[in-house]
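Everything numeric in this text was worked out from a predicted model, so none of it was measured. The analysis underlying the following values was restricted to heavy atoms, covering all of them including side chains, and did not include hydrogens, waters or symmetry mates.
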Amino acid sequence: MDGQRFSLLHCLLIHGFLSALLVTIGVSQSDKKSYVIYMGNPPKVGTATASLHNSMLQDVLGSESATKSVLCSYKRSFNGFVAELTEEEARKMAGMNGVVSVFPNEKRILHTTRSWDFMGFSQQVQRATSESDVIIGVLDTGIWPESQSFNDEGLSPPPDKWKGICQDANNITCNNKIIGARYYKSDGLFGSNDIISPRDSEGHGTHTASTAAGRLVNRANLFGLGSGTARGGVPSARIAVYKICWSDGCSDADILAAFDDAITDGVDIISLSVGSATPKDYFRDSIAIGAFHAMRNGILTVTSAGNQGPRRATITNFSPWTLSVAASTIDRKFFTGVKLGNDVVYEGVSINTFDLKNETYPMIYGGDAPNPIGNYTSSSSRICLEDSLDPNLVKGKIVLCDRFVSGEGPLIAGAVGALLRDNSPKDVAFSFVLPASHLDLVDGSKIFVYINSTSNATATIFKSNEVNDTRAPYVASFSSRGPNPITPEILKPDLSAPGVDIVAAWSLASPVSQNRGDNRWVPFNIISGTSMACPHVSAAAAYIKSFHPTWSPSAIKSSLITTASPMSSGMNSDAEFAYGSGHLNPIKTINPGLIYDSSEVDYINFLCGQGYDTRFLRQVTRDNAACSAGANGTVLSDLNYPSFSVFTSSSTTVRRVFNRTVTNVGSPMATYRARVSFPTRTARVRVNPNVLSFTSVGQKLSFQVIIEGTMDASMVSGSLVWDDALLTTKAASHLVQSNANANRKSYIVYMGDRLKDGASTALLHSSMVQDVFGSESKTVLYSYKKSFNGFVVDLTEEEAQKMAGMKGVVSVFPNEKRKLHTTRSWDFMGFPQQVERATMESDVIIGVLDTGIWPESLSFDDKGLGPPPSKWKGSCQFQPQDNFTCNNKIIGAKYYRSDGMFLPEDFESPRDSDGHGTHTASTAAGNLVDGASLYGFGSGTARGGVPSARIAVYKICWSDGCQVADILAGFDDAISDGVDIISISVGGGRTRDYLEDAIDIASFHAMKNSILTVSSAGNEGPGRSTISNFSPWSLSVAASTIDRKFSTKVQLGNNKIYEIVLCDSIRANGIGALLAGAAGTVARDLDSIDYSNLFPLPASCFNLVDGRNIFQYVNSTSAPTATIFRSSEVNDSLAPYIISFSSRGPNPITPEIIKPDISAPGVHILAAWSSISPVSTIPGDNRFVTFNIISGTSMSCPHVSGAAAYVKSFHPTWSPAAIQSALMTTAAPMRSGINMEAEFAYGSGHLNPLKAANPGLVYDANETDYINFLCGQGYATRLIQLLSKDNSTCPKDTNGTVSELNYPSFGLSTSPLKPFSRTFKRTVTNVGSPTAVYRANLSFPTGTLKIRVNPDVLSFTSVGQKLSFEVIVEGTMDKAMVSGALVWDDGEHKVRSPIVVFI
C-alpha cells in the first residue's frame, strides 16, 4: 500500500483505555449491578446536586425510576453518584451531558516498630509546634479507639479548620486524637463479623493509623516478639477515620464517598492502603479520581503500591498526583526452628508465638493422610486444604504440607503444628493459627525423607526468635513492581518504606492470624504488606506539612522522593521499578534544598499529553481548563516530576529532552551543581545548565536533562543529584454430551512402565474402569501400552479420586489442553551448510510432536535419500481422501484425537492445517531450499540443522489445542517406533508435579528407552518461574534473537514518520479492524516490542510514547490520515539476547535444577509452512505461502532438536544425558547485562551446534540416577516401583538434595545472610583425546561466597574413563542472585557449566 493514503480510523489501541462492548439480553433486576457515575468537580452554581442525580436517573430508567433511587451522591468535594443499572443503562448514562465516566462499583483489596528508628527517625527528632494541627485522613477498615496508641493525653481540641464529625454507632467515641470517624457501606450488606460503625473488626485500619500517628506506647510487643516502644511517625498529629473496607472488601462507591467527605472535612494528608487487582485508566479508577480532587484542594494522597509482586507492571496505584509506596524490609527478621527426632534442626520463617515447650510430637506427611469423608485424595491432602486431612491420622501430630497455607486445614483436623514447604520467597514472616514454620524446598525435602525413613518420626516447633538482617533495606518479594502500566514515563512506585514485620496497634475483635480458630487477642500485632509501608510515608508527609504548612502536595511529594536514600539494584533486580527513588529518609525531608513543584494546571497539561481533550477535562474540573495547541506527547517529559524515565526500543537511537523547574527552599544564596551518575556506554546524559545559582528563597530556575543514544541493556538506571555542598536533591468454550456425562471430564490414568509379563493391558484397563463404574457401561477412550502403561477415560471428580486409590495407579490427572509454543538462524550460530557431517546422519530419526506436516513442501523432498533405516517400526497413517503420503524423508506420520471431536478446519490426517508443525519439522531437519522468503523478507536458503535426517510426524495438536491424552499417545508410539530424538514445542497449563505432567511422564519413558526429549520453555515470559517444561531428563529451550529485525514505518498526514517494530498487541490481533473494513491498524502497548508478528491487514505496533503521539494527532484534526509502509529488514547488533516472551526460571518444582537449559534462535525464523494456513493464521487473511516467518520458543526447540540429532549422528551410542551435556557445556556464554534474569533466562548459554559434536567431557546420567533424584524429591519406593515396574528402591542415604544428580549445571537455593556450605558431587566421562589433562577455571564474582573445586586437575588416560570431583560452595548471600561458571579446560575443549546461587 506504499504511496496510498487512507483515513486513519480511531483504531489506536491504548492500554487501559479500552471499553468492553456492553450487551444485554433482557432487563431484569438480576441484570443490574452497582455503577459509579463520575461527573467531575461539583457545580459552582446553586444547582441541587441530589435533584440533578435523580433527574438523570429518571431520564435513563423512565417510568421505572419511581422504584429506583440513587444509592449514594457525591456533592461535597466532587460530583457523582452510585446507582443500580444494567449494562445498557450504564452505556446510556455514559453518553449523557456532564458525565465524565461510568464504571462498575468494584471491590478493592487491602494491601496488607523499630521501623522509625531503623530509618534514623528517633523519638527525639526535631518537631514543629504545629504538628498537632496536621490531620491525617485514614481510609481503611476503621479503628479500635481504646488502643493506648490513640490516647489523647496532652492534646488540645481539634484545630479550627476541622469540619468533620464522629459518626456515633456501637459505642464508639472520638477524642482529641481521633477527631473524626465515619463509615460507608453503599450496598447496605454487612457480613456477620462486621461491626456497623467506624470500629475496626479486622485490625488493618488500627495498624495503619497507629503506624502513621500513634502515640508512644512502651513495651509494646506480640507475646514478647518485636518488643519496644510502638509509635507513629507524627505522634501529635490528629487522625480522621473513614471506614471503607469490610469483610467483603472495599467498594469503589465507598472509597469515593470517603474522599468526598475527607476533602471537605479538612484533612491535610490522605493515607490509603487499598488497591485494585488490575490497573485502570485514571478516570475509571476511584482512587485516582478521589486523589485528583484531593490534589486540587491541596491534599496529598499517599497510596500503597500493591502486593502482587514480584512480577513487572503489577502496581495498581500509579497516578502522578499520588505518591505510591513500595514495601521494604527493616533490620529484623523472625525465624522459627524445627527440631526433628534425629536431632537435626531446620530453620524456617514465621511468627510463631506458640510454645510447645520442647515437647516432641509424631509427624505425618499431608499426602499420606487424605480424608475419606469427602473422598479427598493425596493431591489435596498434601497441600493441607481445608477438610482434606483425615483427623484420625492427623490428630496430635505435626503435618508436613506441600504449600504455603493458613494452617486452618491442619487445625480443623486436630494437628498440633504444621510445616509448610514450597518455592515461594522467604523474605516475610506470617502468623499462623497453630504452631508452624515456612520452609524452603531443600529443607522441606529433607524433612520429607526423614518422615519416610522411620516409623516413629517426631518433631517439635520452637517459638520464633528475632534476628538481625544486615542486608536491609531491600524490597519485599510481594511488593508490586513498575513500570507504570498506563504511563511508563512516570516512574512508579515513587519510593519504598518499611512494610515487613511491622509492630503496631491492633483490634481486640480480630485474632492474631485473622483466621477462625485462632483465640489469641492482642493489642499489638506484627504484619506485613505495602499497607504497612504506606502509613510510614503518610506520616513523613505530615511531618513535612507541620514545618511547611503552605507547601503544595507536589512539593511535599518532591521532598520525600528527592531525599530518599539510594538502594542497591544488586539486592533488588527490578531496581527503580521495585523501589522508585529509594528508601524513605524522614529526617531529611523537611530540608530538601530544592523541590520540583507542580500545580493543577501541570497535571491538566499532562492529561492533555495523555490524549484527553479539552471537553473531557472541563467535565472533570468544571472550569475553563483547556489543552494548549502545543500539547503533545512531549508534555510527559515536561511534567515537573522529580524523576526521569525514558521508554524506548533496543538498538533504536533515542533523544529525549526533559524540561524541569526547581524551587529554592533552602539557603537564600546557594549554588547547586549537577552530578550525573549513569552507567551505560551507549547513551549520554547531559544537564543544561549544569549549575544553578539562587539568590532568594522561593526563586525558581529551570534546566533540561538531555538523554540520547541507544540501549545496550533491558534497563539502565542512574541519577541526577543537585548538590550545593550542604544539601543534595536527587531525582531519580464448554460441551455437554449427555445428562449422564454432564459432570464428567476426560482424565489420564497413568500406571508407570509398560507391563512386562505379557498381561493384556487393554483388558486390565477395561477391568479397572468396570470396578469404578460397576454395571454402567463405560469405554476406555485410549490405552497406552507400547512404551508405558495407562489409559484415558471420562470420569467425575469422585470417580477420579476412586481411580487414584486403585492398585498400580501412579497418578490421575485431567486431560487438559496444552498450547503450542510459538532461517538465517543456523548461519547465525556459525553452523554453515558446509559443516562436517557424519555418514550416519540419514539414520537419525527425529520424532516431531506438533500440528502435523505439509508433505508437499520442498523442505521434505526425499531426493537422494535411501529407504528408512531398519530400526524404524512406524507407519504412515493416512485417509485416502486426503492424498497424504510419506516418503524417504517423512518416513512416518500418525494423528491422535482421543475425544474424536474434529472441527471444520481440521484435517483428519497427519496433514498440517495450522503451519506450526511444518515450520518446526523443517527447522529441525528440512532439506535445502534456495530462494526461500516471505514476500521477499528473510530471503535465502531455508534448511534444517540435519537435512539428511528422517522425520516421523505425530500430530497431537489441533485448532483447539493439544490434549494431554494425545500427547501421551504420540509419545507412546514414537518411543516404540524407534525415533532417536523427540521434539515437542508444546506446553502451558498450571505447574504440575513430575508424575502428574504428561510431557514429564512421557519424556521419562523416552529417556528409559535412550531417547532425548527436547522441549520448548514456554512463551509466558518475562515473569520469573513461568517455565512449563523443566524435568531434568528433558532439555528445555529458551528463545533468543538472531541478527535480523523487521521494522515498519507509519507516516501521518502531518508528514511525521514513526519507525516501529511490527508486532502483535495484547489487546487485539487486527481481526476486529479487518472485519470492520479497515485499510490498516496501528496498535499501542506497554509490552516489550522486541519481536515482530503478522497481522491480516497492514499494521504496526508502537510503544506507548509513539502511540500516544499518533493518538494526539488523530484528535488534533477532523481529517487525520496516514499510510503504513512495507516492513524493512534491519540488522540487530545486540543479538543474541533472550526475547521478552520466553519463559523464565527458576524451576518451580526443583529450583536447584537450573532451567531453561539452553537458548536457541526463536525470533523471526523463516521455515516451511502449510499452504492451507494464511500468513497470520487469522481468518480473513488471504495470503497463502510456502514459507513463513514466525517467533516463539516453538521455533527455538527444533534448533536444539536438530543439534541433538547432529550429535547423535556422530555418537549413536551416547545416552540422552550425554547428548544433553554436550549441548549445554559447549553453549556460548551470554551477557547478564542485556538479560537481567541471567541463567534463569538463557540457562547454560546460546546453542553452538558445531562444538557440541566434540565436547571433550560429558556429564552422563542413567535411569538409576533419575530414580535417585526422585527419591531425593520425596517419592517413596512404592511409587518409584510403580513408575519403573522393576525392583527400584530408594537408597537409605538419600538426603533430599539434588546436588548429587550428575547434571551439567550447579544450582543452589539458600536464605539471605544465612551461612551455608553445599557440596556438589559430579562425574565426567572423557569423550575427547585419550590422554588429556583438564584444569578447573572458576569465574565467579568476588564477595561473600567462596567456591572450591576438588580436585582441580583431572588427568585422563583413555576415552570413556570417568573421573569424579566436588564443587564446594560456602558463605552467605547478600544479593538476590549471583552466577558464574566452572570451565574444565585442556587447551582444546572448554567444558563450561553455570553456577547459580540465589535466594
Side-chain angles (χ1 to χ4, degrees), residues 829-831 836 1012 1032 1035-1037 1153-1160 1200 1203-1204 1206-1208 1210-1211 1213-1230 1238-1239 1242-1262 1265 1299-1308 1319-1340 1347-1369 1379-1396:
M829 293 186 289
F831 195 66
E836 179 191 2
L1012 175 63
L1035 188 64
S1036 178
V1037 189
I1153 299 293
I1154 302 299
K1155 292 286 177 170
D1157 293 296
I1158 198 170
S1159 74
V1200 176
Y1206 181 70
V1207 175
K1208 185 77 171 179
F1210 284 94
H1211 309 285
T1213 62
W1214 278 14
S1215 70
I1219 297 173
Q1220 182 173 352
S1221 172
L1223 292 163
M1224 291 172 63
T1225 61
T1226 59
M1230 297 184 73
E1239 283 78 5
Y1242 49 69
S1244 295
H1246 200 254
L1247 177 65
N1248 190 338
L1250 197 57
K1251 287 190 175 181
N1254 184 19
L1257 304 175
V1258 294
Y1259 294 76
D1260 209 354
N1262 58 28
D1265 297 307
S1299 57
E1300 293 188 14
L1301 178 64
N1302 204 36
Y1303 210 73
S1305 63
F1306 304 85
L1308 196 160
T1319 301
F1320 296 87
K1321 297 180 179 181
R1322 293 293 189 269
T1323 298
V1324 287
T1325 304
N1326 181 25
V1327 294
S1329 304
T1331 303
V1333 177
Y1334 285 84
R1335 289 175 171 82
N1337 292 324
L1338 281 168
S1339 170
F1340 209 80
I1347 301 181
R1348 293 178 290 115
V1349 181
N1350 184 31
D1352 59 0
V1353 176
L1354 298 178
S1355 298
F1356 294 90
T1357 58
S1358 62
V1359 173
Q1361 184 181 359
K1362 299 177 183 290
L1363 292 177
S1364 299
F1365 64 93
E1366 293 181 339
V1367 175
I1368 303 97
V1369 184
S1379 63
L1382 162 65
V1383 178
W1384 287 106
D1385 189 345
D1386 71 342
E1388 178 186 358
H1389 307 92
K1390 296 185 185 301
V1391 187
R1392 182 180 179 275
S1393 296
I1395 304 172
V1396 183

Name of the residue among D1386, L1363, V1333 meeting side chain to side chain contact (heavy atoms under 4.5 Å, CB included) with L1354: L1363

Any side-chain heavy-atom pair of F1356 and L1257 under 4.5 Å: yes

Side-chain donor/acceptor of S1159 to backbone N/O of G1245, under 3.5 Å: yes

L1382 vs F1320 side-chain heavy atoms within contact, under 4.5 Å: no

Any side-chain heavy-atom pair of T1225 and W1384 under 4.5 Å: no

Under 3.5 Å donor-acceptor, N1302 side chain and D1260 backbone: yes

Separation between CG of D1352 and CZ of F1365, rounded to the nearest 0.5 Å: 11.5 Å

N/O donor-acceptor pair under 3.5 Å between R1322 side chain and S1305 backbone: yes

Heavy-atom check, side chain of I1219 versus side chain of K1208, under 4.5 Å: yes

Any donor-acceptor N/O pair, R1348 side chain to E1366 backbone, under 3.5 Å: no

Full working for side chain to side chain donor-acceptor pair (under 3.5 Å) between Y1259 and Q1220: CA-CA 9 Å; Y1259 294 76; Q1220 182 173 352; over 6 Å; no

Shortest non-hydrogen contact between T1357 and Q1361, atoms and distance: N-OE1, 2.6 Å

Full working for side chain to side chain donor-acceptor pair (under 3.5 Å) between T1226 and N1248: CA-CA 6 Å; T1226 59; N1248 190 338; over 6 Å; no

Taking every non-hydrogen atom, the tightest pair across G1360 and T1325: O-CG2, 3.7 Å

Test log, rule side chain to side chain contact (heavy atoms under 4.5 Å, CB included), inputs E1388 and N1254: CA-CA 10 Å; E1388 178 186 358; N1254 184 19; 3.8 Å; yes

Exercise: identify the closest heavy-atom pair between P1229 and R1392: CG-NE, 3.7 Å

Side-chain heavy atoms of L1035 within contact of M1224, under 4.5 Å: yes

D1265 to L1301 - nearest heavy-atom pair and separation: O-CD1, 3.8 Å

Student check: side-chain heavy atoms of V1037 and V1200 closer than 4.5 Å: yes

Salt-bridge contact D1385-R1335 (side-chain N to carboxylate O under 4.0 Å): no

Pairwise side-chain contact, I1395 with L1338, heavy-atom cut-off 4.5 Å (strictly under): yes

Heavy-atom side-chain contact between V1327 and W1214 under 4.5 Å: yes

Closest non-hydrogen atom pair between E1239 and P1394, with its separation: CG-CB, 3.9 Å

Minimum heavy-atom distance A1222-A1252, with the two atoms named: CB-O, 3.4 Å

Point-to-point distance, once rounded to the nearest 0.5 Å, from OG of S1355 to OH of Y1334: 11.5 Å

